[in-house]
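Just so we're on the same page: letters track the sequence lines, and every chain starts at 1. Please read all numbers here as calculations on a predicted model, not as lab measurements.
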Amino acid sequence: MGRYRWLVVLALGMGMAVAACGSGGGPVDQDGQPVSTETPRSERAEREATIMEQQAQQVAGQTAQDEPVPDTPIESGAGEVEDEAAASGVIDFGHREGLPFARNVVGDPDAPVVIVEYSDFQ
Amino acid sequence: MIEELVRTGLARFEYRHILNHGPPSVAAALATECGGDQGKWWDFHDHYMTTQDFSREGAVALAASLSLDTDQFAQCFDDQTHLELVEGQHRAAAEAGVSRTPTVRINGEGAAVVADALIDQVMALAAELEAEG
C-alpha cells in the first residue's frame, strides 16, 4: 500500500480542491433541482488557491517517480467544435500559467491519468 | 495540486459541463465555449468561478475585457453555437451516472463528490494494483 501513497495524497488534494472549487453547484433532487446551499464563489476560489499552494509542494517530485494509474478508455464529450487551432495554446495567467490547453483540457493529451471534473458554473 | 500533477505530465485535466441549474448554467457554459473559440476558455472558466453574473451583458463585457472579437463572441452566444456541445456533455454525464456536482473521475472510474469518497476510491484502486503486483 505504501507504494501508492501518492494516490492517497492525490485523493486528499483533489477532494479538498474540488470541495473548495468554485465551479460546483449543489446536489440536486430527482428532478434536477438544487437541494443545498453553496459556498460563495469568491470564497471557494480563494480556498482552492490556498489549498493548491499548500499541497503543490507536497506532491511535486513525488508523483513522477511513482507508478502511474493504468490507462483506461477516456470519456468523451459530445459535440464537435470548429477551428480547434484557435482554441488551443498555452495558458498565460494564474496558477495554470505555462500549461498547454485545448479548450476544456489542460495538460499532455497523452498523459496516463485523466482527471475529469463534472461541474456547473451556477 | 491538480495543476502540479498536470505539469509533471502524469495527468491531464478536463472540465465537463453539468447544467443542473437551468438557464444560468447554460448561459455560463455557452459563454465559456464561445470564449474558448478565441482561446480564452480558461479565462471564462475562472471568471464564472468567482461571479454570480450569468447575464449576456456580463459575458460580452468579459469578452471585451479580454480583447476578444466581441461581435464574433456575441453572435456565437446569441446563436447558441455550442448548445449541442454543452448539452451533450451534460447528457453524457447523466448517462454515466453523474448528477451531483462537482464530481471527479479518474481514468473514467468512480464518481467521487467529497474527499472521503475519493480517498476510498483511490485506496481501493491502490489495493487492487498492489494485488496485481
ask   = With D92(A), which residues qualify under side-chain contact (heavy atoms from CB on, under 4.5 Å), at least two apart?
value = K40(B)

task = Determine whether V90(A) and F93(A) fall in the same hydrophobic cluster, where Ile, Leu, Val, Met, Phe, Trp and Tyr are linked whenever their side-chain heavy atoms lie under 4.5 Å apart.
result = no

ask   = CZ of R96(A) to CZ of F13(B): how many Å apart, nearest 0.5 Å?
value = 7.0 Å

Side-chain touch I115(A)/V104(B), heavy atoms, less than 4.5 angstrom = yes

query = Does the side chain to side chain contact (heavy atoms under 4.5 Å, CB included) test come out yes or no for N104(A) and Q89(B), once each step is laid out?
reply = CA-CA 12 Å; N104(A) 60 322; Q89(B) 289 186 359; 4.0 Å; yes

Contact list for residues 71-81 of chain B, test side chain to side chain donor-acceptor pair (under 3.5 Å), sequence neighbours left out = R56(B)-D78(B)

note = NE2 of H45(B) to OG of S119(A), rounded to nearest 0.5 Å, is 7.0 Å

ask   = Should L99(A) and V105(A) be counted in the same cluster of Ile, Leu, Val, Met, Phe, Trp and Tyr side chains packed under 4.5 Å apart?
value = no

task = Taking the side chain as every heavy atom from C-beta outward, state whether D120(A) and S25(B) have any atom pair closer than 4.5 Å.
result = yes

request  = Taking W42(B) for its side chain and R103(A) for its backbone only, find out whether a donor-acceptor pair lies under 3.5 Å.
outcome  = yes

query = Would R12(B) and D110(A) satisfy salt bridge (charged side-chain N to carboxylate O under 4.0 Å, His left out), going step by step from the backbone distance to the final call?
reply = CA-CA 8 Å; R12(B) 74 169 183 268; D110(A) 297 321; over 6 Å; no

Contact check, side chains of N107(B) and V113(A), non-hydrogen atoms, under 4.5 Å = yes

request  = Taking D108(A) for its side chain and G9(B) for its backbone only, find out whether a donor-acceptor pair lies under 3.5 Å.
outcome  = no

query = Is E14(B) close to V106(A) at the side-chain level, that is, under 4.5 Å between some pair of heavy atoms?
reply = no

query = Checking heavy atoms, do the side chain of D43(B), its backbone, both or neither come under 4.5 Å from chain A?
reply = both

ask   = Which is it for F121(A) and Y15(B) under the ring-ring contact (aromatic ring centres under 6.0 Å, His included) test, yes or no, and what are the steps along the way?
value = CA-CA 11 Å; F121(A) 288 131; Y15(B) 180 97; 5.1 Å; yes

message = If I compare all heavy atoms of V6(B) with all of G107(A), which pair ends up nearest, and what's the gap?
response = CG1-CA, 3.3 Å

query = Do you know which of A93(B), G36(B), A94(B) has the most heavy-atom pairs with chain A at a distance under 4.5 angstrom?
reply = G36(B)

Any T101(B) side-chain heavy atom under 4.5 Å of E117(A) side chain = no

